[in-house]
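In this text the structure is predicted, and so the values were computed from the model without any measurement.
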Number of protein chains: 2
Amino acid sequence: MPFMWMAELSSRSGLPVPTIKYYLREGLLHPGEATGATRARYDESHVQRLRLIRALTEVARLRLETVRQVLADLHAADSWHDAVGSAHGRLSPLPDRPPTAAALSRVQELLDRQGWDLAEESPHRLALATALDAMAELGRPVSDRLLDRYAAAMRDVAEAEIGALPDDREAAAEMAVIGTVLLEPALLSVRRIAEENASRAHTR
Amino acid sequence: MPFMWMAELSSRSGLPVPTIKYYLREGLLHPGEATGATRARYDESHVQRLRLIRALTEVARLRLETVRQVLADLHAADSWHDAVGSAHGRLSPLPDRPPTAAALSRVQELLDRQGWDLAEESPHRLALATALDAMAELGRPVSDRLLDRYAAAMRDVAEAEIGALPDDREAAAEMAVIGTVLLEPALLSVRRIAEENASRAHTR
């Protein structure tokens, strides 16, 4: 693998040298190979890591402390499945207000209908139940039928993403994070485009 | 329609009287029917509006100025289609960095393949192109195949949501906003649940 010095690492990653040195000191970037008391050389793994940090901070606007935790989880993950679970855990805020028991039951019924497992304390369970509560309070309860269609659509999305996973373990783990922070916004953009087009044919 | 005084409006909406008076002064809530120099009575439309404001501020965490604009758009909308367009416009931030011409072309190709129209200046066009750029920079370009599967899934979601639209125009317009601020987070929760379950069967 070709090596590079700090100056090239900076131009390849698009990050200033002081920023890269800060990430090295903070342990966000793994050290290069020391070639003397003050010099080190870097490789493609450093470029890739810096680009990932940039995407997480600049595009997904994550705080550096969150980025640090997400990256530490990636190293610890044994598989894509592990990485997906930990990335979702870090990137899913818990809702402010606790959901009602009725909404939690409806989420469990959805899981049962779909044959899905989910930890009791999963943030998605709470977030989905809180959204159901908010809709019900507005007098617009979400039907089981709509939830099941969401589930079917998201099952297709998950399968498509699995089909596009890279082969090596580390790259696949990285995709667990990228899928959440970059592909979800892309998916919502597509949703809004689809919605605007579907609504054109609809005149209520 | 049964009427109510301010105290009942407060208990029905879960908002303190001073907050409701503030929304009245600011024009976020339409006035009640005056029954004297200092008294007014309210109806279900006021309860519904206050619950919507609560959902937008407390659940979706929108700034009050954004809520004001979103509500004003709802009043001006002639149809659900109008309301969807204006709600998406208000609720979709423009990306910080402009997308590349290559990414914009790929979005246009997706639109052409799907038979979808979209304004040149649509925030979704820019947001989707920016996400494609970010993925490509990470060395994980998004394939047309994945984009088309996203499109198919989101087409199903849009159809399911149209099937669940309320009948009257105002309620349908409201759903354009609620769909974006409450149903999109619900959809992403379902995505994360689907992804975790699909990943269990997958051992890369």
Side-chain angles (χ1 to χ4, degrees), chain A residues 48 51-52 55 59 79-81 84-85 88 92 116-118 124 127-128 131 134-135 137-140 142-143 146 149-162 164-165 167 169 172 175 178 182 184-200 202-204, chain B residues 48 51-52 55 59 79-81 84-85 88 92 116-118 124 127-128 131 134-135 137-140 142-143 146 149-162 164-165 167 169 172 175 178 182 184-200 202-204:
Chain A
Q48 180 68 14
R51 286 180 178 164
L52 179 59
V59 183
S79 63
W80 181 61
H81 173 61
V84 166
H88 285 177
S92 305
W116 281 341
D117 282 330
L118 188 67
H124 319 318
L128 181 54
M135 295 291 293
E137 276 169 33
L138 282 169
R140 311 273 172 238
V142 179
S143 66
L146 184 61
R149 290 191 64 177
Y150 276 9
M154 292 303 107
R155 208 184 269 276
D156 285 348
V157 162
E159 266 170 34
E161 290 175 356
I162 288 176
L165 272 186
D167 276 333
R169 193 202 61 78
M175 280 301 287
I178 299 174
L182 296 179
E184 281 187 359
L187 186 64
L188 290 186
S189 293
V190 174
R191 175 195 175 275
R192 294 178 185 191
I193 295 169
E195 199 88 6
E196 289 175 21
N197 276 275
S199 75
R200 192 168 296 124
H202 187 89
T203 50
R204 258 189 292 211
Chain B
Q48 180 68 16
R51 286 181 177 164
L52 179 59
V59 184
S79 64
W80 182 60
H81 173 60
V84 166
H88 285 177
S92 305
W116 280 342
D117 281 330
L118 189 66
H124 320 316
L128 181 54
M135 296 290 294
E137 276 168 32
L138 282 169
R140 311 274 172 236
V142 179
S143 66
L146 185 60
R149 290 192 64 177
Y150 276 9
M154 292 302 107
R155 207 183 270 276
D156 284 348
V157 163
E159 267 170 32
E161 290 175 356
I162 287 176
L165 273 186
D167 276 333
R169 194 202 60 77
M175 280 300 288
I178 299 174
L182 296 179
E184 282 187 358
L187 186 63
L188 289 186
S189 293
V190 174
R191 175 194 177 274
R192 293 176 187 192
I193 296 169
E195 198 89 6
E196 289 174 21
N197 276 275
S199 73
R200 192 168 297 123
H202 187 89
T203 50
R204 258 190 290 210

Please classify the contact between Ala55(B) and chain A as side chain, backbone, both or neither, with a heavy-atom cut-off of under 4.5 Å.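 Just its side chain gets close to chain A.
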Partners meeting side chain to side chain donor-acceptor pair (under 3.5 Å) with Glu195(A) (sequence neighbours left out):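 So Glu195(A) forms no side chain to side chain donor-acceptor pair (under 3.5 Å) with any residue.
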Under 3.5 Å, side chain of Glu196(A) to main-chain N/O of Leu118(B), donor-acceptor pair present?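 Checking the backbone N and O of Leu118(B) against the side chain of Glu196(A), no donor-acceptor pair under 3.5 Å is found.
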Donor-acceptor check, side chain of Asn197(A) to backbone of Asp117(B), threshold 3.5 angstrom: yes or no?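 Yes.
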Can you tell which part of Leu187(A) gets under 4.5 Å to a heavy atom of chain B, answering side chain, backbone, both or neither?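 Both parts, backbone and side chain.
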Do [X] and [Y] come within less than 4.5 Å of each other through their side chains, counting heavy atoms only?
X: Val190(B); Y: Trp116(A); value: yes
X: Leu138(B); Y: Leu182(A); value: yes
X: Arg140(B); Y: Arg51(A); value: no
X: Arg191(B); Y: Glu161(A); value: yes

Among the options Ala194(B), Gly139(B), Ala127(B), Ala131(B), pick out the one with the most heavy-atom pairs lying under 4.5 Å from chain A.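 Top count of heavy-atom pairs under 4.5 Å with chain A: Ala194(B).
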Looking at OH of Tyr150(A) and CG of Leu188(B), how far apart are the two atoms once the value is rounded to the nearest 0.5 Å?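 Those atoms lie 10.0 Å apart.
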How far does OG of Ser199(A) sit from NE2 of His81(B), to the nearest 0.5 angstrom?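 Going from OG on Ser199(A) over to NE2 on His81(B), the span is 4.5 Å.
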Decide yes or no on side chain to side chain contact (heavy atoms under 4.5 Å, CB included) for Met175(A) and Met135(B), but give the supporting numbers first. CA-CA 10 Å; Met175(A) 280 301 287; Met135(B) 296 290 294; 4.1 Å; yes
Determine all donor-acceptor pairs shorter than 3.5 Å in which one atom belongs to a side chain in residues 152-160 of chain B; sequence neighbours excluded.
{"residue": "Arg155(B)", "atom": "NH2", "partner": "Gln114(B)", "partner atom": "O", "Å": "2.9"}
{"residue": "Arg155(B)", "atom": "NH2", "partner": "Gln114(B)", "partner atom": "OE1", "Å": "2.8"}

Choice from Ala186(A), Ser143(A), Pro185(A), Gly85(A) maximising heavy atom contacts with chain B below 4.5 Å: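 If we count pairs closer than 4.5 Å to chain B, Ala186(A) comes out on top.
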